[in-house]
2 protein chains.
Amino acid sequence: MRQDSRLSRMLHVLIHMGRHEGALTSDRIAEMLGTNPVVIRRTMAGLREKGYVHSEKGHGGGWTLAKPLEDLTLLDIYRAVGEPSVFAVGPAYDMPDCPIEQAVNETLEGVFADAERLLLKRFEGVSLAAIADRFPADIMIGHHPPNAKDHG
Amino acid sequence: MRQDSRLSRMLHVLIHMGRHEGALTSDRIAEMLGTNPVVIRRTMAGLREKGYVHSEKGHGGGWTLAKPLEDLTLLDIYRAVGEPSVFAVGPAYDMPDCPIEQAVNETLEGVFADAERLLLKRFEGVSLAAIADRFPADIMIGHHPPNAKDHG
DNA sequence: AGTCACGTAACTTATTTTGTTTCGAGAAAT
DNA sequence: ATTTCTCGAAACAAAATAAGTTACGTGACT
């Protein structure tokens with residue numbers, strides 16, 4: 001089963017936005033990720049609804065952060081892109097009245113619920129700024145280092 | 001993204017087998033689960049390769065347990081059905097040279113690896129017999145209770 | 001006006017999983 | 001011996017889902 005990479009992609013885009021002076025257009029982002037601008041709008045729409053990004057039409061328009069990276073966590077973005085389930089495997093409901101199936105599903109659901117709790121708790125503790133801090137700012141390609149804002 | 005229910009289904013089938021006198025045919029199992037006998041053979045093949053079940057051709061043939069339920073864990077079955085990943089969400093590799101993407105993916109991979117470790121550890125600690133013990137034997141439908149073996 | 005850019009709906013394509021058909025072979029019953 | 005039952009495996013068809021594409025509308029800047 002193929003994995004959903006929207007969370008990863010949106011994190012990537014958001015951190016780029018945090019280091020970018022102006023707005024980023026859907027076309028530009030799509031080109032970066034090797035996909036289509038409509039797909040970008042579709043996914044970014046979830047972030048806009050939560051108030052994490054802002055979109056502007058017309059000349060000079062595009063996408064900008066509505067909050068600093070410090071105020072956004074993995075959990076926020078995970079929820080904003082609307083993942084139905086973290087897990088690729090889950091229970092089956094073939095014979096709802098069968099006590100064996102019920103026992104199996106109760107067991108699985110318990111274990112998965114524990115793992116999901118851990119995962120979301122970890123998500124909650126990681127801000128996008130913390131991710132951005134994992135690499136030195138001056139090895140960035142094609143963008144100004146953070147202190148370049150001083151001349152803008 | 002739709003969840004893979006093969007693990008759940010196979011657990012269900014295996015526990016039924018543990019309470020069943022003779023062999024269970026693919027047709028019978030498929031009927032139980034509302035699916036096709038070929039699908040059952042396909043999935044059971046993984047369990048056979050690991051030596052957890054045995055298949056027999058011809059009259060009176062079908063599937064039988066090759067090990068007692070006590071000796072099988074969730075982890076065994078999970079691996080036997082060959083799940084590629086527990087998670088429905090994962091990293092994207094759009095710009096392998098981009099340090100932002102790398103930072104995002106390292107972060108995600110770390111968190112997912114932790115959650116997976118927990119999950120598999122929990123899987124390892126649950127035997128199929130333990131699942132079977134979650135319900136009283138005498139509420140079983142369409143099968144003999146365990147002590148019915150005495151008359152066989 | 002003309003261009004740029006998002007918003008949205010409808011459609012197409014690609015991929016994956018599941019289900020189906022078909023044939024072969026071994027084992028038991030008749 | 002032949003028929004019936006059953007798995008094994010390959011090849012094909014169908015269904016579901018996500019991703020990509022096209023097209024047109026709307027607002028904003030030049």
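Every chain is numbered from 1, with letters handed out A, B, ... down the list of sequences. Worth saying up front: this structure is predicted, and the values here are computed from it rather than measured.
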* To do: Output yes when R122(A) and D114(B) qualify as a salt bridge under the 4.0 Å nitrogen-oxygen rule, no when they do not.
  => yes

Any [X] side-chain N or O less than 4.0 Å from OP1/OP2 of [N]:
{"X": "S26(A)", "N": "dC6(C)", "result": "yes"}
{"X": "R41(A)", "N": "dG7(C)", "result": "no"}
{"X": "R48(A)", "N": "dT8(C)", "result": "yes"}

* Please test Y78(B) against L119(B) for side-chain contact (heavy atoms from CB on, under 4.5 Å), starting from the C-alpha separation and ending with a verdict. => CA-CA 11 Å; Y78(B) 164 73; L119(B) 198 74; over 6 Å; no

By nearest atom, which of the nucleotides [options] is closest to the [X] side chain?
{"X": "V38(A)", "options": "dT21(D), dT18(C), dA25(C)", "answer": "dT21(D)"}
{"X": "H59(A)", "options": "dC4(C), dG19(C), dG24(C)", "answer": "dC4(C)"}
{"X": "R6(A)", "options": "dT18(C), dA19(D), dC6(C)", "answer": "dA19(D)"}
{"X": "S55(A)", "options": "dA10(D), dC4(C), dC6(C)", "answer": "dC6(C)"}
{"X": "N36(B)", "options": "dT8(C), dT20(C), dC7(D)", "answer": "dT20(C)"}

* Asked: What about R42(A): does its side chain form a donor-acceptor pair under 3.5 Å with the base of dG20(D)?
  -> yes

* Asked: Which part of the nucleic acid does G61(B) contact within heavy-atom distance under 4.0 Å: base, sugar-phosphate only, or nothing?
  -> sugar-phosphate

* To do: Take atom CD of E49(B) and atom P of dG8(D), then tell me their distance rounded to the nearest Å.
  => 10 Å

